[in-house]
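These numbers come from a predicted model, not from an experiment. All heavy atoms count here, side chains included; hydrogens, waters and symmetry mates do not.
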Amino acid sequence: MTEADIDAVSAVRVHGWQSAYRGLMPQAYLDAMSVPADAEQRRSWFGHRSPEVSDLVAERDGTVIGWASLGPAGDPDLAPGPAELPASRPTAGELLALYVTPDLIGTGVGRTLLTAATARANGYRALYLWVVRDNTRARRFYERAGFAPDGAQQTYEVAGHHVPEVRYRRPLTPEPDGPPPAPSPRSAP
C-alpha cells in the first residue's frame, strides 16, 4: 500500500463496515461514516505507523478492491512467554484489518489478501485477529482458513452500543503436543 492508495482503501473500509455491520452496530453510526474523514485519519497515521505493520491492497484493473493490514499482536496476554525470551521481535502477529469491496465478497479477493498477509507473518508463531461476535460470515471465512476462537472476548462501544468481539487464533508453527498448523498458503501474485 502506498499513500496514493489511501482514498481507495478508506472507501473499501467504510463501505465494508456499512455492509458487514448492518444490524450489528447502530445504523445511524454506519450511515454517518465518511470516506473523506476516514482517509484524512488514515493519512495522519500513515507516516507514523510502525515499520512492523504491513498494509496490502488487492487491485483489479488498477482499482483497489481490498485491503489487509498485519502487525505484531497488541494484546498483553500474547507477549512472549519465558521460553521465548529474549525475543528479538513479537512472537505473535495480528491481522489488524481485512476488507473487500462488498460486491466482491465471495470471489476469492479476501482469501488472496489473507494468503498474502499470512505469507508476511514470517517469524510469528501464531496469527490472531478480532472479529465481531455476531458477524457469522466473517467467522465462517476465518474458520475455513484455519483460525479458531481462543476463548478471549472483549466489548467495545460504538455510539453507545456495546459490540462484543471474539479473538481467533491460527498457529503458524508446530506446537508441542498440539495439532499441526493449517497448511501455509502461497503468496499472492
Report yes if some heavy atom in the side chain of [X] is under 4.5 Å from a heavy atom in the side chain of [Y]; otherwise report no.
X: L96; Y: V53; value: yes
X: E3; Y: I6; value: yes
X: V132; Y: P164; value: no
X: R133; Y: L24; value: no
X: R167; Y: L78; value: yes
X: L172; Y: R125; value: no
X: I105; Y: R137; value: yes
X: V9; Y: V57; value: yes

Atom CD of E40 with >12 non-hydrogen neighbours under 6.0 angstrom: no

Find out if a path of hydrophobic residues (ILVMFWY) with successive side-chain heavy-atom gaps under 4.5 Å connects [X] to [Y].
X: L56; Y: F147; answer: yes
X: F46; Y: V12; answer: yes
X: Y128; Y: W130; answer: no
X: L104; Y: L113; answer: yes
X: V100; Y: L30; answer: no

Does a donor on one side chain sit under 3.5 Å from an acceptor on the other, for [X] and [Y]?
X: R139; Y: Y168; result: yes
X: R13; Y: Y99; result: no
X: D5; Y: W67; result: no

Evaluation steps, side-chain contact (heavy atoms from CB on, under 4.5 Å), between V35 and D7: CA-CA 7 Å; V35 172; D7 291 318; 5.7 Å; no

Salt bridge D55-R49, side-chain N to carboxylate O under 4.0 Å: yes

Test side-chain contact (heavy atoms from CB on, under 4.5 Å) applied to L114 and L95, step by step: CA-CA 9 Å; L114 182 59; L95 184 65; 3.8 Å; yes

Parallel, tilted or perpendicular, as decided by the 30° and 60° cut-offs, for the rings of W17 and Y29: tilted

Measuring from [X]:[atom1] to [Y]:[atom2], what's the distance to the nearest 0.5 Å?
X: L129; Y: E94; atom1: CG; atom2: CD; result: 7.5 Å
X: H161; Y: M25; atom1: NE2; atom2: CE; result: 7.5 Å
X: T136; Y: F141; atom1: OG1; atom2: CZ; result: 14.0 Å
X: Q18; Y: D31; atom1: CD; atom2: CG; result: 7.0 Å
X: D150; Y: D77; atom1: CG; atom2: CG; result: 7.5 Å
X: S69; Y: L98; atom1: OG; atom2: CG; result: 10.0 Å

Residue pair Y156, H162: steps toward the side-chain contact (heavy atoms from CB on, under 4.5 Å) verdict: CA-CA 6 Å; Y156 67 98; H162 294 284; over 6 Å; no

Candidate pair T118 and L127, rule side-chain contact (heavy atoms from CB on, under 4.5 Å), full reasoning: CA-CA 8 Å; T118 303; L127 189 58; 4.0 Å; yes

